[in-house]
Trainee: 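My questions will all concern the structure given below.
All heavy atoms count here, side chains included; hydrogens, waters and symmetry mates do not. Each chain gets a letter, A, B and so on, in the order the sequences are listed, and its residues count up from 1.
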Number of protein chains: 2
Amino acid sequence: MARRSDHNREELYALAIGAARQIVESDGIKALTARNVADVIGYSPGTLYNLFDNLDDLIVHLNGSTLDDLFDKVSALEQSGDPESDCKALLGSYLDYLNDHPGLWYALFDYAIPTTMTVPSWYVRKIERLMEILRVAIAPLYADTQMDETARAASVLWAGLHGITSLSNDGKLQLVSEDDVEDLASFLVTTFIAGIQSRARQ
Amino acid sequence: MARRSDHNREELYALAIGAARQIVESDGIKALTARNVADVIGYSPGTLYNLFDNLDDLIVHLNGSTLDDLFDKVSALEQSGDPESDCKALLGSYLDYLNDHPGLWYALFDYAIPTTMTVPSWYVRKIERLMEILRVAIAPLYADTQMDETARAASVLWAGLHGITSLSNDGKLQLVSEDDVEDLASFLVTTFIAGIQSRARQ
DNA sequence: TCATTTAATTGAACAATGTTCATTTTTCAA
DNA sequence: TTGAAAAATGAACATTGTTCAATTAAATGA
């Protein structure tokens with residue numbers, strides 16, 4: 001059998017990503033196999049290889065759609081102009097997403113793309129778009145001329161928050177007393193911002 | 001054939017871990033298969049299952065030995081008592097290890113233990129032992145009574161540094177201008193410490 | 001010394017995986 | 001109506017983790 005016209009290429013792509021998302025959300029990334037995705041969308045495994053180079057490519061596309069989701073959620077927040085409270089609001093929104101979609105988050109950040117595969121530029125752009133929001137939030141800490149400095153601080157803060165969520169998610173971060181992830185992340189934001197202000201005064 | 005007396009259980013364990021390390025160092029964690037390890041040590045795949053519950057268990061043990069290595073390297077550093085320079089020395093040592101043994105580092109931090117497997121307590125202890133060194137380095141920033149506060153700050157700094165190395169290693173951190181990992185990590189240490197000092201003054 | 005028990009080691013076997021590709025079938029254009 | 005192009009298939013292949021009955025060497029005891 002062949003050449004059904006049930007769906008065109010775009011629809012098929014959307015179907016596949018949707019199925020992948022559903023599988024990852026309910027059973028984790030380990031359940032994301034070519035045969036499983038094919039079953040869900042009612043096509044054969046081979047068809048997936050018309051759409052994606054391989055399974056890793058499919059995962060990258062799934063992660064791309066997760067990044068879009070995250071962006072929509074986070075960019076909906078209104079910023080007050082106060083770096084600390086804005087960063088914490090962003091953080092809260094981010095942690096909410098992590099709690100609501102642990103499987104997707106795990107696939108996004110803890111599943112490592114094989115070194116044989118270079119990260120596509122559209123993927124990098126999606127990350128940058130997210131980081132840009134953080135950049136805007138901390139911009140009041142810097143003069144308009146310090147674009148590079150602002151960008152660097154945003155990168156570091158972003159990576160720092162990622163480190164906390166990532167390690168604690170893997171159980172690799174021994175939590176102190178009754179601290180939870182939110183406490184630690186909040187501590188990082190407060191301290192980091194205080195550090196920037198303190199150094200600016202000198 | 002069976003019951004060779006070439007090696008006792010301990011020797012066999014050491015052989016297997018050694019083989020695993022060798023494979024991971026030269027060809028990455030993807031090459032770490034039961035059959036590969038068995039080939040290297042001259043035993044059959046089945047024998048590995050007398051020593052380890054499964055491959056993930058073997059990886060956890062390999063990571064345990066990597067943590068020991070890291071501890072030996074990092075604990076050899078003499079601390080001056082100045083938090084910033086001590087943290088940066090630790091950081092430098094850590095980054096050296098990452099550069100020298102990317103495969104082992106990747107297996108240690110970017111390979112996620114499946115959620116079905118709980119992190120063993122001896123493994124957590126090895127991590128804590130490493131973090132303790134960082135705790136000592138930043139201790140001068142706090143009063144002796146602030147043990148919890150010190151521990152929390154060490155956790156956050158540790159996780160933050162991990163976030164930077166981890167993301168940049170995966171190509172998921174768009175680096176600003178000519179910044180490299182060391183610059184970003186250094187920036188985090190400086191700013192974070194300045195933040196602690198600044199807040200202590202108030 | 002020989003028979004029996006115990007334990008280690010094997011390797012064939014199984015189910016599941018990613019991936020390929022000759023074959024088949026449908027659609028589209030001429 | 002015919003022929004070419006494209007889409008979809010699913011059987012097939014190589015590999016994977018893992019199990020376990022069978023096999024063999026060592027340890028034990030008489």
Side-chain angles (χ1 to χ4, degrees), chain A residues 1-20 22-24 26-63 103 107 111-117, chain B residues 1-20 23-24 26-63 103 106-107 111-117:
Chain A
M1 314 105 209
R3 184 82 175 205
R4 295 153 44 176
S5 59
D6 303 0
H7 308 98
N8 61 29
R9 205 183 165 82
E10 276 177 29
E11 291 170 329
L12 215 47
Y13 172 91
L15 271 181
I17 296 293
Q22 175 190 315
I23 291 168
V24 167
S26 61
D27 298 315
I29 200 172
K30 276 226 160 173
L32 188 70
T33 68
R35 287 170 179 81
N36 276 349
V37 174
D39 278 354
V40 171
I41 67 177
Y43 280 77
S44 75
T47 296
L48 292 174
Y49 287 82
N50 290 336
L51 299 167
F52 305 97
D53 293 343
N54 47 48
L55 256 203
D56 286 316
D57 187 36
L58 188 155
I59 293 174
V60 168
H61 281 82
L62 169 63
N63 287 345
Y111 175 78
I113 297 168
T115 46
T116 53
M117 190 178 178
Chain B
M1 317 135 194
R3 185 84 175 199
R4 294 153 44 176
S5 59
D6 303 357
H7 308 97
N8 61 30
R9 204 182 165 83
E10 277 177 28
E11 290 169 330
L12 216 47
Y13 172 90
L15 271 181
I17 296 293
I23 291 168
V24 168
S26 60
D27 298 314
I29 201 173
K30 276 224 159 173
L32 189 69
T33 68
R35 288 170 178 82
N36 277 348
V37 174
D39 278 354
V40 171
I41 67 177
Y43 279 76
S44 76
T47 295
L48 292 174
Y49 287 81
N50 291 336
L51 299 166
F52 305 97
D53 293 342
N54 47 48
L55 256 203
D56 285 317
D57 187 37
L58 189 154
I59 293 174
V60 168
H61 280 83
L62 170 62
N63 287 345
Y106 183 89
Y111 176 78
I113 297 169
T115 46
T116 53
M117 190 178 176

Trainee: Check residues 27-34 of chain A and write down every donor-acceptor pair under 3.5 Å in which the side-chain atom is one partner and the other belongs to a residue at least two apart or another chain.
Mentor:
residue: A:Thr33; atom: OG1; partner: A:Asn36; partner atom: N; Å: 3.1
residue: A:Thr33; atom: OG1; partner: A:Asn36; partner atom: ND2; Å: 3.4

Trainee: Could you work out, with salt bridge (Lys or Arg N to Asp or Glu O under 4.0 Å) as the rule, every residue matching A:Asp53, not counting sequence neighbours?
Mentor: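 With sequence neighbours excluded, A:Asp53 shows a salt bridge (Lys or Arg N to Asp or Glu O under 4.0 Å) to no residue whatsoever.
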Trainee: Could you give the CG-to-C1' distance, from B:Leu58 to D:dG17, as a whole number of Å?
Mentor: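 Distance, rounded to whole Å: 12 Å.
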Trainee: Under the ring-ring contact (aromatic ring centres under 6.0 Å, His included) test, which residues partner B:Phe52, sequence neighbours left out?
Mentor: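 Per chain and number, B:Phe52 pairs via ring-ring contact (aromatic ring centres under 6.0 Å, His included) with B:Tyr13, B:His61.
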Trainee: Is there a side-chain contact between A:His7 and A:Ile41 (heavy atoms, below 4.5 Å)?
Mentor: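 A:His7 vs A:Ile41: side chains apart.
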Trainee: Measure the distance from CG on B:Asn8 to P on C:dA7 and round it to the nearest whole Å.
Mentor: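 Atom-to-atom, B:Asn8 to C:dA7, this comes out as 16 Å.
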Trainee: Holding to side-chain hydrogen bond (donor to acceptor under 3.5 Å, both in side chains), I want the full list of residues that pass it with A:Asp56, two or more places apart in sequence or in another chain.
Mentor: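 Residues passing side-chain hydrogen bond (donor to acceptor under 3.5 Å, both in side chains) with A:Asp56: A:Tyr111.
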Trainee: How is B:Ser44 classified with respect to the nucleic acid when contacts are heavy atoms under 4.0 Å: base, sugar-phosphate, or nothing?
Mentor: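 Base: the residue B:Ser44, judged by heavy atoms under 4.0 Å, touches a nucleobase.
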Trainee: Looking at B:Thr47, I'd like to know whether one of its side-chain N or O atoms comes within less than 4.0 Å of OP1 or OP2 on C:dT10.
Mentor: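 Result: yes.
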Trainee: Heavy atoms under 4.0 Å, any strand shown: does A:Arg35 hit a base, just sugar-phosphate, or nothing?
Mentor: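 Contact class for A:Arg35: base.
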Trainee: Let me know, please, whether A:Ala31 or B:Tyr43 comes out on the 5' side of the other along DNA chain C by nearest nucleotide.
Mentor: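 Final value for this comparison: B:Tyr43.
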Trainee: Not counting sequence neighbours, which residues clear side chain to side chain contact (heavy atoms under 4.5 Å, CB included) with A:Glu10? List them please.
Mentor: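 Applying side chain to side chain contact (heavy atoms under 4.5 Å, CB included) to A:Glu10 gives A:Asn8.
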Trainee: Base, sugar-phosphate or nothing for A:Leu12? Non-hydrogen atoms, less than 4.0 Å.
Mentor: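 Sugar-phosphate only.
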Trainee: Heavy atoms within less than 4.0 Å of DNA chain D: which residues of residues 48-57 of chain B have one? Give them sorted by number.
Mentor: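 Residues of residues 48-57 of chain B that come under 4.0 Å of DNA chain D are, in numerical order, B:Tyr49, B:Asn54, B:Leu55.
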Trainee: A:Leu32 has an atom CG; how far is it from atom C1' of C:dA16, in whole Å?
Mentor: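 Between C1' of C:dA16 and CG of A:Leu32: 15 Å.
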Trainee: Check whether any side-chain heavy atom of A:Val37 lies under 4.5 Å from a side-chain heavy atom of A:Val40, and answer yes or no.
Mentor: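 They are not in contact (no side-chain heavy atoms under 4.5 Å apart), so the answer is no.
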Trainee: Rounding to a whole Å, what distance do you find between B:His7:NE2 and C:dA7:P?
Mentor: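 The distance from NE2 of B:His7 to P of C:dA7 comes to 22 Å, rounded to the nearest Å.
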Trainee: May I have the distance from A:Asp39 (atom CG) to D:dT9 (atom C1'), rounded to whole angstrom?
Mentor: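 Rounding to the nearest Å, CG of A:Asp39 and C1' of D:dT9 are 14 Å apart.
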Trainee: Find the distance A:Asn36:CG to C:dA15:P and express it as a whole number of Å.
Mentor: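 So the CG-P distance, A:Asn36 to C:dA15, works out to 17 Å.
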